[in-house]
Structure formats: C-alpha cells, structure tokens
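Quick one: this structure, given as structure tokens, is what I'll be asking you about.
Heavy-atom basis, side chains included; hydrogens, waters and symmetry copies ignored. Here the structure is a predicted model, which means the values were calculated and not measured.
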Amino acid sequence: MKLRKALLVPPGKKVKLKRYDPDDTLGFKNDAKSQQMLEKSLRRLDALQYLLYASKKCALLIILQAMDCGGKDGTIRHVMSGVNPQGCRVTSFKTPSAEEAAHDFLWRIHKAIPDRGEISIFNRSHYEDVLVVRVHKLVPEAVWSKRYEQINRFERILAENNVKILKFYLHISKKEQKKRIQERLKDPTKNWKLSPEDFKERKYWNGYMEAYEDALRYCSTPWAPWYIIPSNKHWFRNLAVSHIIIKAMEDLNMKFPKPTFDIRRAGVVTLVRSHK
Ligand code: AMP
Ligand code: MG
C-alpha cells in the first residue's frame, strides 16, 4: 500500500491546498475490508507501543494540526484506543499563558516532548506560532517569518536525539466545517464543543489556508515530515493516520532488550527460595 508516499509532502514542495481533495479516500471504500484494516491496525499499534516502551530507545511525537472541527480530538480518541495509556501523553496547546508568553515560543513545546519509550500526541503545537499568530498578526512578519527555520532546527535536534516526529494536517473543506458546526449547534451533547471563535475564524479561512501552505512547504523535512490527510471522512482519516504511525514505528527496528543478568539462574534461585 502506497498511502504513506501518496500523503507525504515532499520537502520544499509548493503546496496548493485547493488541489488536495478533502473527500479523497485513495481508492479505499468505507466497507467491511476497511473496517477490518482499522481494527487490525489498532492491534498492531498496541504491540508496537509495547515494544517502544520496553526498548526505551526512541520517543514518538505525533503532531496534529487542523482547522476548527477538523477532527483532531476524534483522531486522538481513535489512536489512543489502540495504546496503553501508561506510555502515552496528550498535550493540548491553547493561547499561551502569561508564563509561556514570557518565553520563546518553543519553551512550552520542549517541556512536552515525550520521554524515550513514550508516545506524545500534540493537539495543536508550535505550528500555531506560524498559523493563528500569522493570520491575526499577533507578532510582526519579521518575527514569524524566521520561525519556519527555527522550527526546522528545533525538530532536527529532537530527531537527532531519537525523537521520531510525524506531523499530520487534517484537511477538511470549508463546507464540511460548516456541516460539523451545524451538527454541534443541533446536538445538546456537542454544544459545549463550540466557541464564539469558531464562527469568527471561518472568516479567515483563506488566510489560514495560505499560512498552512507555507508551514507544509517550508517545514516538511526528511527528519520531521508533514502528511496531508484528506479528513472529510472520519474513517479514512483514522485509517491513514494509524497506517502512517505503524509504518514509522516499524522503521525504528526496535528490539526487546536482553536481560542484564542471567535470568535462568536468578529465576531458578528465586523459585527454589519461594518454595521453601
Ligand atoms: P481549542 O483547541 O479549540 O481548545 O482552542 C485553542 C485555541 O488556542 C485556538 O484558538 C488556537 O488558535 C489558540 N492557540 C494555540 N496556540 C496559540 C499560540 N501560540 N498563540 C495564540 N493562540 C494560540
Ligand atoms: Mg476550538
């Protein structure tokens, strides 16, 4: 299956999001076969996380970015349902607190980087500092325009220290966003998910698309690639994201560590003692 290659943003590629169909499913159908693939991928993810935790050589950082209602929460719920919570952390990045804003933009990010053996999922990330910050002119262009390179260098340091980085942009259409906002308005159990910003931010859609295009173009690197996931269809989004995570983890060539002592001898001695 060529899903990974098809969804990867090649480094430096000029991205025009209008050319990416958010309804695309790359030939997959929402049928029993895809359902089976999804279930199988969750079992595989569980096994790979166990190995990551045991081998403690690498950490895995999964970055999720999307427009409002883009499906970040749903993706996290899906991926998390396949792993042991003990080795997993989710961090949601909101408007910076006074303490965070008093530091460089990567300060709060660095603190949330996973330990070796752990998986960390970022719900939003340092990319907000070249997205919302750029669209709303929260800092001058001279400041945000330097951040692409700063981000690349930061991610490179992490990668060189055994942090495997995967970045997913969940691509939905403006129409799909409207549909999801309407669903949230209608369903009293989903009202809480809406905020006044969701309505305001829609007006900035084109500005966001341009900001995303630059982030995807300038910050998809061999050490921290971006993937554009067509996300109008939840089932395909989940299938694609879990597939890419699994393939990346398989590439890590992880092995269970060998015991640091003579396990047979120690085991026999302990067993004999405990049966006195
Ligand atoms: P939500 O993810 O819906 O809870 O919303 C979090 C809000 O925090 C979004 O409106 C983001 O744009 C905003 N946010 C996240 N990071 C930053 C940042 N670095 N600067 C300004 N706003 C941010
Ligand atoms: Mg929101």
Tell me whether K178 is salt-bridged to D198, with the criterion being a basic N under 4.0 Å from an acidic carboxylate O.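 Salt bridge: no.
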
I119 vs I245 side-chain heavy atoms within contact, under 4.5 Å: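 No, side chains not in contact.
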
Distance only, no hydrogens: is a donor on one side chain within 3.5 Å (strictly under) of an acceptor on the other, for D73 and N123? yes

If two hydrophobic side chains count as joined below 4.5 Å and joins carry through other members, does Y127 share a cluster with V135? yes

Taking C-beta and beyond as the side chain, do M249 and I246 meet within less than 4.5 Å on heavy atoms?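 Result no, sub-4.5 Å side-chain heavy-atom pair not found.
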
Donor-acceptor pair, side chain of N191 and main chain of L185, under 3.5 angstrom: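 Yes, the answer is positive, given that a donor and an acceptor are paired below the 3.5 Å cut-off.
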
Using ring centroids (six-membered ring only for Trp), state whether H126 and F93 fall under 6.0 Å.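 That pair fails the under 6.0 Å test.
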
Can you tell me if R202 uses its side chain to pair, donor with acceptor, with the backbone of K174 under 3.5 Å?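 Indeed, once roles are kept as given, a pair shorter than 3.5 Å links the two residues.
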
Can you confirm whether the side chains of S125 and Q65 place a donor and an acceptor under 3.5 Å from each other? yes

Does any part of the side chain of I63, heavy atoms only, come nearer than 4.5 Å to the side chain of F168, both counted from C-beta?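 F168 does not reach I63 side chain to side chain.
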
Would R134 and D214 pass as an ion pair if we require N to O under 4.0 Å?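 Yes, R134 and D214 are salt-bridged.
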
Would you say L60 and W226 are hydrophobically clustered, going by side-chain heavy atoms of ILVMFWY under 4.5 Å?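 No, separate clusters.
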
Without swapping roles, check the side chain of S81 against the backbone of H78 for a donor-acceptor pair under 3.5 Å.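 Here the side-chain-to-backbone pair exists.
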
Under-4.0 Å salt bridge between E39 and R43: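 Salt bridge flag = no for R43 with E39.
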
Please work out which of the three classes, parallel, tilted or perpendicular, describes the rings of W107 and H103, given edges at 30° and 60°.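 H103 vs W107 ring planes: parallel.
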
Taking atom types as modelled, is there a side-chain donor on Y208 or E201 under 3.5 Å from an acceptor on the other?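 Note: Y208 and E201 side chains meet the donor-acceptor criterion.
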
Less than 3.5 Å apart, any donor N or O on the side chain of S173 or N232 sitting next to an acceptor on the other? yes

Is it true that a side-chain atom of N238 and a backbone atom of T75 form a donor plus acceptor pair closer than 3.5 Å?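 No.
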
Is the closest side-chain heavy-atom distance between P222 and P11 below 4.5 Å?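 Result yes, sub-4.5 Å side-chain heavy-atom pair found.
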
How about M80 and I121: do any of their side-chain heavy atoms sit closer than 4.5 Å? yes

Stacked cation flag R147 on F105, 6.0 angstrom / 45 deg: yes

Take the angle between the ring planes of H171 and Y169 and call it parallel below 30°, perpendicular above 60°, tilted in between.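 The arrangement is tilted - the two ring planes meet at 30° to 60°.
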
Do side-chain atoms of E100 reach the backbone of S97 as a donor and acceptor pair under 3.5 angstrom?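 Yes.
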
Side chain R116, main chain A59, donor-acceptor under 3.5 Å: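 Looks like no, no N/O pair under 3.5 Å.
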
Charged tip of K56 within 45° of Y53 ring normal and under 6.0 Å: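 Geometry flag: set, cation within 6.0 Å and 45°.
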
Any sub-3.5 Å donor-acceptor pair from S34's side-chain atoms to F28's backbone N or O? no

Could you walk me through whether K167 and E155 pass the salt bridge (charged side-chain N to carboxylate O under 4.0 Å, His left out) check? CA-CA 11 Å; K167 302 180 297 203; E155 291 179 349; 2.7 Å; yes

For the pair E183 and K186, find out whether any cationic side-chain nitrogen is under 4.0 Å from an anionic carboxylate oxygen.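 Judged by the 4.0 Å cut-off on N to carboxylate O distance, E183 and K186 do not form a salt bridge.
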
Under 3.5 Å side-chain donor-acceptor pair for T221 and R156: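 Looking only at side-chain atoms, R156 and T221 do not form any donor-acceptor pair under 3.5 Å.
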
